[in-house]
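As a basis for the values below, the full set of heavy atoms in this structure was taken, side chains included, without hydrogen atoms, waters or symmetry mates.
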Amino acid sequence: MSTGNLIVDLDAVVANWRALDGMTGGAETAAVVKADAYGLGAGRVARALARAGCKRFFVAMAEEGAVLRQALGPDVEICIFSGHMRGDTDMIGDLSLTPMLNSLDQLTRQFEALPGAPFGIQLDTGMNRLGMEWNEWAAVAQVALEQGPSLVMSHLACADEPDHPMNAYQLDVFHQMTDGINVPRSLSATGGILLGSKYHFDITRPGIGLYGGLPFEGAHLVASLDLPVVQMRELDAGEVVGYGNSWQAERPTRLATVAAGYADGLLRSLSGKATLWHGDQPVPLVGRVSMDLLTIDVTDLREVPESLQILGPHQTVDQLADIAGTIGYEILTSLGARYQRRYITR
Ligand SMILES: *Cc1c(COP(=O)(O)O)cnc(C)c1O
């Protein structure tokens with residue numbers, strides 16, 4: 001078998017959820033499982049969290065919500081960030097999804113097509129991405145509140161920078177837009193939880209922190225990725241490796257070719273820069289990342305490896321992201337469909 005092994009520690013996901021939950025006193029901690037739980041498998045991740053007591057899940061699109069409903073059954077709330085889009089009415093109604101309505105158009109669509117069905121409200125407090133702005137909200141708030149939304153939410157643009165003045169600004173705007181209404185409020189994702197109790201309100205919505213990523217520094221490791229060695233070869237000094245001949249051996253070199261490439265989310269910008277691991281020993285990626293293969297200099301290993309690790313205790317998603325010039329979120333959500341995902345619990 002030449003597919004990589006992506007090992008997802010479900011106990012670590014649950015431990016991260018509990019740790020974030022423990023930071024917020026009385027607030028409810030939901031879970032964001034959009035984009036297939038950041039690439040790790042929404043069904044398995046969400047079932048583990050539901051067993052641990054999570055009652056509310058967020059996804060980006062109604063289609064994701066439909067898949068999640070099949071996995072979780074009827075007893076949890078599944079909220080849709082993109083709200084109620086044209087064409088989604090049957091899915092939202094039949095599967096009792098909760099759209100986060102983000103415009104007057106969506107509000108009208110919801111109340112006409114699915115009167116009495118659950119919904120939430122999304123407000124824009126300055127990020128200018130999703131949600132109703134002040135004027136729009138002022139015009140419809142009374143009508144919307146009469147229909148009994150299950151929550152009112154907004155999203156912070158700079159929560160991963162605790163000192164950024166945008167945080168306090170958005171907090172203030174959120175208060176002004178929602179103080180005095182009798183509906184549960186939600187402002188914070190992982191970063192907002194770490195900003196402290198003023199940001200917690202009634203419901204928090206962590207995503208990346210559940211999966212072991214920054215800004216949650218204390219997170220448990222969730223994802224490990226082992227790549228099988230397909231072939232070994234011996235190079236003489238002076239021989240070259242890979243597309244563009246971008247690496248040349250300076251010494252007699254033992255090279256391992258492993259099965260994963262940029263089609264599996266190991267970004268081409270890792271070429272010539274990344275490190276893989278054999279147990280505790282680092283081994284450098286040499287030459288370019290190809291679509292399905294990486295070439296690794298294993299000259300300094302004592303034995304011939306069967307596989308090498310690219311994510312694990314020695315290299316987190318954020319460390320790999322740094323090397324690639326991106327963020328942990330992008331590394332996780334790029335992890336491809338070809339890996340064998342194995343779920344472990346202890
Ligand atoms: C993705 C997302 C989240 C989760 O954010 P993390 O930074 O991964 O915790 C929460 N709320 C909204 C609106 C989102 O789009």
Side-chain angles (χ1 to χ4, degrees), residues 1-17 31-49 51 59 64 67-68 71 190 206-214 216 219-230 256-271 274-280 282-283 285 289-296 305-324 326-346:
M1 201 172 64
S2 73
T3 61
N5 251 327
L6 177 57
I7 297 160
V8 181
D9 185 339
L10 293 174
D11 288 344
V13 174
V14 167
N16 289 333
W17 181 76
V32 178
V33 294
K34 62 191 179 187
D36 202 23
Y38 292 37
L40 299 179
R44 296 296 300 263
V45 163
R47 278 203 300 271
L49 288 168
R51 272 197 300 276
V59 289
E64 295 180 314
V67 172
L68 201 60
T190 304
I208 192 74
L210 306 175
Y211 311 115
L214 290 175
F216 182 20
H220 297 261
L221 174 74
V222 170
S224 309
L225 179 55
D226 294 305
L227 308 175
V229 175
V230 181
T257 303
V258 303
Y262 58 77
D264 306 293
L266 301 178
L267 308 178
R268 201 163 164 277
S269 55
L270 295 168
S271 296
T275 297
L276 282 73
W277 295 80
H278 182 250
D280 293 337
V283 283
L285 167 68
V289 174
S290 329
M291 188 184 294
D292 321 294
L293 297 166
L294 308 174
T295 39
I296 317 296
E306 279 185 13
S307 66
L308 295 171
Q309 188 164 68
I310 190 158
L311 292 175
H314 294 294
Q315 185 157 262
T316 65
V317 289
D318 292 291
Q319 288 165 330
L320 190 64
D322 266 353
I323 299 169
T326 181
I327 55 175
Y329 296 74
E330 191 179 25
I331 294 291
L332 277 179
T333 56
S334 303
L335 292 174
R338 294 196 289 191
Y339 299 123
Q340 165 118 355
R341 283 162 172 73
R342 288 178 200 269
Y343 296 89
I344 56 166
T345 54
R346 264 166 273 117

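Within the model, atoms CG of L210 and CZ of F216 stand 9.0 Å from one another, a figure rounded to the nearest 0.5 Å. The CD1 atom of I7 sits 12.0 Å away from atom CG of L40, with the distance rounded to the nearest 0.5 Å. The structure places CG of L311 at 7.5 Å from CG of L332, a figure rounded to the nearest 0.5 Å. Expressed to the nearest 0.5 Å, how far CG of L6 lies from CG of L227 amounts to 10.0 Å.
Of the possible polar contacts, one joining the D264 side chain to the G261 backbone as a donor-acceptor pair under 3.5 Å is found. Of the possible polar contacts, one joining the S271 side chain to the V289 backbone as a donor-acceptor pair under 3.5 Å is found. The closest donor-acceptor contact from the side chain of T345 to the backbone of L10 lies at 3.5 Å or more, if one exists at all. Although no hydrogens or angles enter the test, the distance criterion places no donor-acceptor pair under 3.5 Å between the side chain of Q315 and the main chain of L320. In this structure, Q319 contributes its side chain and T316 its backbone to a donor-acceptor pair below 3.5 Å.
T295 meets the side chain to side chain contact (heavy atoms under 4.5 Å, CB included) test with V241, L255, T257, V286; sequence neighbours excluded. In this structure, the side chain to side chain contact (heavy atoms under 4.5 Å, CB included) partners of H314, at least two apart in sequence or on a different chain, are W277, D280. Under the side chain to side chain contact (heavy atoms under 4.5 Å, CB included) criterion, P228 pairs with A259, sequence neighbours left out.
Side-chain contact, D226 with Q309: a donor N or O sits under 3.5 Å from an acceptor N or O.
In terms of heavy-atom proximity, G209 sits nearest to T190 at N-OG1, 3.1 Å. Among all heavy-atom pairs drawn from D292 and R338, the shortest one is OD1-NH2, 2.9 Å.
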